[in-house]
Amino acid sequence: MFRPTALGGALTALATAAAGVFIAAAVSTSPAVAAGTGTGYLHTNGNKIVDSTGTTVRLTGINWFGMETDNKTFHGLWSNNPWRGQLDKMASLGYNTLRVPYSNDALKPGATASGINDFVNPDLIGLSPLQILDKVIDYAGSKGMRIILDRHRPTAAGQSPLWYTSTVSEATWINDWKMLAQRYAGNPTVIGADLHNEPHAEGTNPAATGACWGCGDTTRDWRLAAERAGNAILGVQPNWLIFVEGVSCPSGGLSNVWDNDPSNDEDCGWWGGNLSKAGEFPVRLNVANRLVYSPHEYATSVYEQEWFKAADYPANMPAIWDKYWGYLHKQNIAPIMMGEFGSTLADPRDKVWLEKLMAYTGTGVNGMSFTYWSWNPNSGDTGGIALDDWTNINTAKQAILQPYLIAPSGGGSSPTPTATPTATPTGSPTNPPTGACTATYRQVNAWQGGFQGELTVKNTGSAAVNPWSVTWSWPSGVTLGSGWNATVTQAGTTVTAAAPSHAPSLAAGASVTVGFTANGTASAPATVRLNGVSC
């Protein structure tokens, strides 16, 4: 459905305002291990993705497509499984990251989402594609999941070999990315931008017209375009990761196998899957430790590559992966986040392929990151993890992936201060004396019908508060959307942010920042209290 096929060598095509600059603390050469997706924004350290404390994170995610199609929103919203139920299932299976494909059509003013079961999803009625995306991001964040946004297509009509077309300019591509970076600035659930889906070759060599890597032609060199877009995004949101896919043929053209001229022939790979030139011509970003390479990899249900027919299959596959993208990880050049891979598993060779590929990525938190294609059962090339009812699961696929999944935890939140135990005065085991806290509020973002904020509360008393709990009030009509760095709930006009189980104590002199989104008129928290004491 999303992957038209073209031949050429071993080629196949498939388809399928600014926050402050994050200042990284010194990172050890052997970062600690994180459960889930860590805390705060993510950055890179060699071939690792690490969180704001330098702790290693492995993204083990899934694609949920639809926002790039004519529906302009997630597919499966027409089913009897509510959208929250689908995210609940993803998280419970161990998918800690959601890659969200979109087209620029879905971002246009006046864009309309369709294919929604109003009875099952009444809270989505009348919302724009971006407003639905907001809700998915908020809820995913409350579950500790991370979000990667993927510019999948310039228009809903189909993919493009280059990052621009005759109707969607490079300027539009970059400006839309900057808009998204601004919209989600300050929300660490959204961790980065997959700049353009599956750049690939077009035209027959030597008359190449498709995306090349390192050729130096600014109209076709995907590496240079990725630098322009990546740096523009980082100028707005310096905390994001920049995910850069490969090309198919580094020359940007299809091999002419009939002209008997070997100079026009080259080794090509999957669309978006060939990063063989990235070592020689790396993507250069203005903010250090933000680059993640993101190849795509598929099986015979997408296209019968020559290597699937080799006598030594599947033993030949690790060397092929090494050549196209694995060397970047093995040589500690940059992290790998395999953005798409999948199969129907109809061919027995594909089951072997998937098992071999997952083993290649490595086990545990130090393995390569990935987002499986796809959650959707309606992917014509691969099918999905979800079955046709969007509720039950393809157990054969899930069983292969399960050992490599790291379930989300920690709320995808800003970093929690590490509380140092202190002596507790007699007669006051947990609460500091009256007046022993201060509160500072910062509005991070606002949009029509909602806003995002951060409330920082400092324990100015002489004793630790354990467990801590912060409350505040909002005017009538303001309702909580999501919260992070605490368990945030609302009853009437009172909001309570309770300490997370992994950090129950707030030491004397320590601060905690509770992030949230809310619906209604932007309003600062009033009558803030720490364990009942006014701040």
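What you see is a predicted model; the values in this text were computed from it and never measured. Scope of the values below: all heavy atoms of this structure, side chains included, with no hydrogens, waters or symmetry mates. Start at 1 with the first residue, then count along the sequence.
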Residue pair [X] / [Y]: nearest heavy atoms and the distance that separates them:
X      : Y      : answer
Thr44  : Leu291 : CG2-O, 3.5 Å
Gly186 : Glu454 : O-OE2, 4.0 Å
Leu195 : Trp173 : O-NE1, 2.9 Å
Met337 : Ile148 : CE-CD1, 3.8 Å
Ala211 : Trp222 : CB-CB, 4.3 Å

Report the distance from atom [atom1] of [X] to atom [atom2] of [Y], rounding to the nearest 0.5 Å.
X      : Y      : atom1 : atom2 : result
Asp194 : Leu241 : CG    : CG    : 11.5 Å
Met338 : Trp321 : CE    : CH2   : 8.0 Å
Trp353 : Ile400 : CH2   : CD1   : 9.5 Å
Leu98  : Leu59  : CG    : CG    : 12.0 Å
Glu198 : Ser294 : CD    : OG    : 10.0 Å
Trp83  : Trp64  : CH2   : CH2   : 8.0 Å

Do the side chains of [Y] and [X] get nearer than 4.5 Å, heavy atoms only?
X      : Y      : value
Leu107 : Met67  : yes
Trp390 : Asn376 : yes
Pro403 : Thr363 : no
Leu357 : Tyr404 : no
Val50  : Thr56  : yes
Ile385 : Leu401 : yes
Phe516 : Val495 : no
Gln159 : His152 : yes

Requested in this report: Dump the intermediate steps for side-chain hydrogen bond (donor to acceptor under 3.5 Å, both in side chains) on Asp381 and Ser301, then the final yes or no.
Outcome: CA-CA 6 Å; Asp381 296 312; Ser301 67; over 6 Å; no
Query - Asn121 side chain vs Leu77 backbone, donor-acceptor pair below 3.5 Å - result: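 Yes, the answer is positive, given that a donor and an acceptor are paired below the 3.5 Å cut-off.
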Query raised in the report: Where do Glu297 and Trp325 land on the side-chain hydrogen bond (donor to acceptor under 3.5 Å, both in side chains) test, with the steps shown first?
Result: CA-CA 10 Å; Glu297 187 70 28; Trp325 45 269; 3.3 Å; yes
Report task. Return the orientation label for the Tyr293 and Trp213 ring planes: parallel under 30°, perpendicular over 60°, tilted otherwise. Result ->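 Judged by the thresholds at 30° and 60°, the geometry between Tyr293 and Trp213 is tilted.
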Query - Aromatic plane relationship, Trp270 with Tyr303 - under 30° parallel, 30 to 60° tilted, over 60° perpendicular - result: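 Geometry flag for Trp270 against Tyr303: perpendicular rings.
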Requested in this report: Check the pair Trp271 / Ser248 against side chain to side chain contact (heavy atoms under 4.5 Å, CB included), numbers first and verdict last.
Outcome: CA-CA 5 Å; Trp271 281 9; Ser248 56; 3.8 Å; yes
Report task. Tell me, yes or no, whether the heavy-atom count around Asn80 atom CG, taken from other residues, nucleotides or ligands under 6.0 Å, exceeds 12. Result ->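 Not buried by this count: 12 neighbours or fewer within 6.0 Å.
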Requested in this report: Dump the intermediate steps for side chain to side chain contact (heavy atoms under 4.5 Å, CB included) on Ser369 and Ile49, then the final yes or no.
Outcome: CA-CA 9 Å; Ser369 294; Ile49 297 174; 3.9 Å; yes
Query - Pair Asn187-Ile147, side chain to side chain contact (heavy atoms under 4.5 Å, CB included): steps then yes or no - result: CA-CA 10 Å; Asn187 184 347; Ile147 300 288; over 6 Å; no
Requested in this report: Carefully, step by step, assess Thr53 and Asp51 under the rule side-chain hydrogen bond (donor to acceptor under 3.5 Å, both in side chains).
Outcome: CA-CA 5 Å; Thr53 70; Asp51 73 0; 2.7 Å; yes
Query raised in the report: Is any NZ, NE, NH1 or NH2 atom of the basic residue among Arg84 and Asp123 found under 4.0 Å from an Asp or Glu carboxylate oxygen of the other?
Result: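 Looking at Asp123 together with Arg84, the answer is yes, because their closest N to O distance falls below 4.0 Å.
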Query - Partner residues of Phe370 under the ring-ring contact (aromatic ring centres under 6.0 Å, His included) criterion, sequence neighbours left out - result: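 Phe370: ring-ring contact (aromatic ring centres under 6.0 Å, His included) contacts with Phe341.
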**Report entry** By ring-ring contact (aromatic ring centres under 6.0 Å, His included) - contacts of Tyr102 (at least two apart)
**Finding:**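 Tyr102 satisfies ring-ring contact (aromatic ring centres under 6.0 Å, His included) with Trp177 once adjacent residues are dropped.
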Requested in this report: Test Ser79 against Asn81 for side-chain hydrogen bond (donor to acceptor under 3.5 Å, both in side chains), laying out the working first.
Outcome: CA-CA 5 Å; Ser79 74; Asn81 190 6; 5.6 Å; no
**Report entry** Centroid separation Trp373 to Tyr298 less than 6.0 Å
**Finding:**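 Here the rings of Tyr298 and Trp373 have centres that are no less than 6.0 Å from each other.
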Query - Stepwise salt bridge (charged side-chain N to carboxylate O under 4.0 Å, His left out) test for Arg153 and Asp105 - result: CA-CA 9 Å; Arg153 302 172 167 184; Asp105 282 351; over 6 Å; no
